[in-house]
Colleague: 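There's a structure below that I have some questions on.
What you see is a predicted model, and the numbers here were worked out from it, not measured in a lab.
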Amino acid sequence: IIARDGLSALTMRALASEAGIPLGATTYYFPSKSALITEAFQLHAARETDRVIAAMRKLSPERSAHQLADELARFLISGLTDHRRQLIA
């Protein structure tokens with residue numbers, strides 16, 4: 001919702017509608033919009049941390065500086081394209 005329509009469009013009612021769940025379910029888990037955004041940000045940060053760690057594990061010390069630069073460029077491009085909606089939100 002945030003990536004598509006902006007933060008102001010995020011309401012508990014809009015979230016429930018988008019998720020296809022009863023409105024009461026959203027307020028049961030998230031007492032406020034602020035709590036929802038905080039949890040979503042923490043989840044996003046954890047996923048991005050995992051993505052960075054996975055990318056780092058793929059690197060080998062035998063690669064040249066040029067090869068490492070290529071890997072970094074691919075990683076950044078992926079983060080800006082494949083994960084665009086998360087980045088916007």
Colleague: Please say yes or no: joined through hydrophobic side-chain contacts below 4.5 Å, possibly via intermediate residues, are Ile53 and Leu59 part of one cluster?
Modeller: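 Per the 4.5 Å side-chain linkage, Ile53 and Leu59 are not co-clustered.
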Colleague: For residues Leu7 and Leu15: do they belong to one hydrophobic cluster (side chain heavy atoms under 4.5 Å, members Ile, Leu, Val, Met, Phe, Trp, Tyr)?
Modeller: yes
Colleague: Heavy-atom count around Arg4 CZ within 6.0 Å, excluding the residue itself: above 12?
Modeller: yes
Colleague: By side-chain hydrogen bond (donor to acceptor under 3.5 Å, both in side chains), which residues pair with Arg51, not counting sequence neighbours?
Modeller: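 Partners of Arg51 by the side-chain hydrogen bond (donor to acceptor under 3.5 Å, both in side chains) criterion, ordered by chain and then number, come out as Glu48.
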Colleague: Who pairs with Ser78 by side-chain hydrogen bond (donor to acceptor under 3.5 Å, both in side chains), at least two apart in sequence or on another chain?
Modeller: Asp82
Colleague: What pairs with Arg74 under side-chain hydrogen bond (donor to acceptor under 3.5 Å, both in side chains), at least two apart in sequence or on another chain?
Modeller: Glu71
Colleague: Taking atom CG of Leu23 and atom OH of Tyr28, what is their separation to the nearest 0.5 Å?
Modeller: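 The distance works out to 15.5 Å.
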Colleague: Considering residues at least two apart in sequence or located in another chain, which fulfil the side-chain contact (heavy atoms from CB on, under 4.5 Å) criterion with Ser64?
Modeller: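 side-chain contact (heavy atoms from CB on, under 4.5 Å) list for Ser64, sorted by chain: His66, Gln67.
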Colleague: Under the 4.5 Å side-chain heavy-atom rule for ILVMFWY, direct or indirect, which residues accompany Leu72?
Modeller: Val52, Met56, Phe75, Leu76
Colleague: Kindly compute the distance separating OG1 (Thr26) from CE (Met12), expressed to the nearest 0.5 Å.
Modeller: 4.5 Å
Colleague: Could you tell me which residues satisfy side-chain contact (heavy atoms from CB on, under 4.5 Å) with Ala14, sequence neighbours excluded, listed by chain and number?
Modeller: Ile1, Thr11
Colleague: Is the number of heavy atoms from other residues, nucleotides or ligands within 6.0 Å of CZ (Arg47) greater than 12?
Modeller: no
Colleague: Working to the nearest 0.5 angstrom, can you tell me the gap between Leu10 CG and Ile2 CD1?
Modeller: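 That separation rounds to 4.5 Å.
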Colleague: Using modelled atom types and a 3.5 Å cut-off, is there a donor and acceptor pairing between side-chain atoms of Thr38 and backbone atoms of Ser34?
Modeller: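 Yes.
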